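Remember, it's a predicted structure, so these values are computed and weren't measured experimentally. Here is the naming used below: chain letters follow the sequence lines, and residue numbers restart at 1 for every chain.
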2 protein chains.
Amino acid sequence: MKFSTRGTYGLRAVVELAKHYGEGPVSLAAVAAEQGISEAYLEQLMRSLKNAGIVKTTRGKTGGYLLTREPQSISVLETLRALEGSTDIADCVGADASVCENACTCSARPLFLKLQSRINAVLEETTIGELTEDHIEQKKRIEHARLS
Amino acid sequence: MKFSTRGTYGLRAVVELAKHYGEGPVSLAAVAAEQGISEAYLEQLMRSLKNAGIVKTTRGKTGGYLLTREPQSISVLETLRALEGSTDIADCVGADASVCENACTCSARPLFLKLQSRINAVLEETTIGELTEDHIEQKKRIEHARLS
DNA sequence: GATAAAGCCGAGTGAAACGGTAGGGATTAA
DNA sequence: TTAATCCCTACCGTTTCACTCGGCTTTATC
């Protein structure tokens with residue numbers, strides 16, 4: 001039940017793009033530097049995000065990455081799905097429950113279903129826009145505390 | 001964000017013991033057979049559960065495993081903690097947040113905290129007793145459907 | 001048109017975790 | 001005494017994770 005760095009880094013990268021939403025493309029190097037992530041690794045994550053239609057790119061010099069939509073319209077759920085393939089905690093929850101042959105007699109399954117629905121609720125209702133606002137607020141508070 | 005077999009099997013084993021609560025010890029072999037788990041593997045899980053004070057044992061012939069308390073008083077949270085060490089989805093949530101050096105500036109952390117609290121709520125409020133009742137009910141329904 | 005900065009892509013790799021096995025020892029009811 | 005049971009340590013093959021490498025294409029700028 002651990003969150004992968006893939007999900008975490010990817011989420012942070014998307015928030016970074018959201019901070020510059022409407023300002024033109026941001027280069028991979030800039031995102032990597034700001035977030036302290038290896039460029040080569042981040043590139044892989046960006047590829048997943050691009051395939052999922054969450055980010056788009058412009059190539060050549062002055063090129064970079066941009067969000068395809070407003071940060072408020074991008075849910076954390078779809079972002080994580082793009083990065084990790086699935087957010088399902090087990091094979092027996094979600095669409096293809098047939099993977100687990102004894103799904104209907106497993107005593108843990110009711111728990112999994114409940115847990116999954118709660119998790120999905122949070123991931124679905126939280127948007128990249130919110131995370132971005134929170135982040136900006138937080139940085140302001142730190143700055144303020146530092147000066148006083 | 002996948003549930004380990006350790007957690008799943010362990011939970012199922014505890015439910016199995018709960019089904020026989022008050023009837024004396026159940027042997028490892030019996031639990032393993034009923035749940036379709038390798039004996040040697042299950043033994044490891046049982047040890048973790050014993051160390052955590054969730055199950056106790058009697059040795060020698062006719063020995064076996066028993067729950068230390070009523071199924072209703074054992075939460076899924078403590079069971080999973082015993083089996084998996086921790087149910088934290090990231091290092092920056094929970095008691096020792098210092099593991100993550102930039103915890104206070106990470107844009108993903110607020111999400112993690114929210115998610116963790118929702119997850120813990122479910123795991124805390126769900127008891128082994130409930131899972132056991134659900135399981136018995138479910139088996140009854142299947143039996144009923146099969147006969148008609 | 002050359003150049004340099006950017007993205008695009010597939011393959012590879014070391015370490016750790018996962019899931020499970022093996023084998024022997026200690027305890028105890030019958 | 002014996003056989004069934006729990007107790008313990010070590011090991012091991014596979015997969016996943018996190019990350020790297022090297023070469024390619026595209027494009028703004030000089």
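The base of D/dC6 is not paired with the side chain of B/Glu43 by any donor and acceptor separated by under 3.5 Å. Residue A/Arg6 places no side-chain atom within donor-acceptor reach of the base of D/dA18, judged by atom type and a 3.5 Å distance cut-off alone. The base of D/dT5 does not come close enough to the side chain of B/Glu39 for any donor and acceptor atom to sit less than 3.5 Å apart. Side-chain to base pairing of B/Gln44 with C/dT21: one donor and one acceptor N or O lie within less than 3.5 Å of each other.
Look at CD on B/Glu84: it is 11 Å from C1' on C/dC18, rounded to the nearest Å. Spacing between atom CG of A/Leu66 and atom P of C/dA6 amounts to 14 Å, rounded to whole angstrom units. Taking atom NZ of residue B/Lys61 and atom C1' of nucleotide D/dA3, one finds them 5 Å apart after rounding to whole Å. The CE-P distance, from A/Met46 to C/dC9, rounds to 15 Å in whole Å. Atom CG of B/Leu49 and atom P of D/dC7 are 12 Å apart (whole Å). One interatomic measurement links the two molecules: NZ of B/Lys56 to P of D/dC7, which rounds to 13 Å at whole-angstrom precision. Between the CZ atom of A/Arg47 and the P atom of D/dC24 there is a distance of 16 Å, given to the nearest Å. Per the geometry, NZ belonging to A/Lys2 stands 19 Å off C1' belonging to D/dT15, to the nearest Å.
For the pair B/Glu133 and B/Lys19, the salt-bridge criterion is not met [side-chain N within less than 4.0 Å of a carboxylate O]. Under the 4.0 Å criterion applied to side-chain N and carboxylate O atoms, B/Glu78 and B/Arg81 are not assigned as salt-bridge partners. Ion pair B/Glu143/B/Lys140 not flagged as a salt bridge, since none of the NZ, NE, NH1 or NH2 atoms sits closer than 4.0 Å to an Asp/Glu carboxylate oxygen.
Nearest to the side-chain atoms of A/Thr5 among the listed nucleotides C/dT21, D/dC7, D/dC19 stands D/dC19. Side-chain atoms of A/Lys50 lie closest to C/dC8 of the nucleotides C/dC8, D/dA28, D/dT9. Among the nucleotides D/dC7, C/dG20, D/dT9, the one closest to the side chain of B/Tyr41 is C/dG20. Side-chain proximity of A/Tyr9 to the nucleotides C/dT28, D/dC19, D/dT9 is greatest for D/dC19. The side chain of A/Thr62 sits closest to D/dA28 out of C/dG19, D/dT20, D/dA28. Residue B/Tyr65 places its side chain closer to D/dC6 than to any other of D/dT27, C/dA29, D/dC6. Each of D/dC19, C/dT21, C/dC8 was ranked by its minimum atom distance to the side chain of A/Thr57; first place goes to C/dC8.
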Pair A/Asn120, A/Gln116 - check side-chain hydrogen bond (donor to acceptor under 3.5 Å, both in side chains), show working. CA-CA 6 Å; A/Asn120 280 1; A/Gln116 186 72 62; 3.1 Å; yes

Stepwise side-chain hydrogen bond (donor to acceptor under 3.5 Å, both in side chains) check, B/Tyr9 with B/Ser4: CA-CA 9 Å; B/Tyr9 289 170; B/Ser4 65; over 6 Å; no

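At a threshold of 4.5 Å between non-hydrogen side-chain atoms, the residues B/Lys2 and A/Asp91 count as touching.
The residue B/Gly63 sits close only to the backbone: its heavy atoms come under 4.0 Å of sugar-phosphate atoms, none of a base.
In this model, the phosphate group of C/dT21 is approached by a side-chain N or O of B/Ser38 to a distance below 4.0 Å at OP1 or OP2.
Nearer the 5' end of DNA chain D, as judged by each residue's closest nucleotide, is the contact made by A/Phe3, out of A/Phe3 and A/Thr58.
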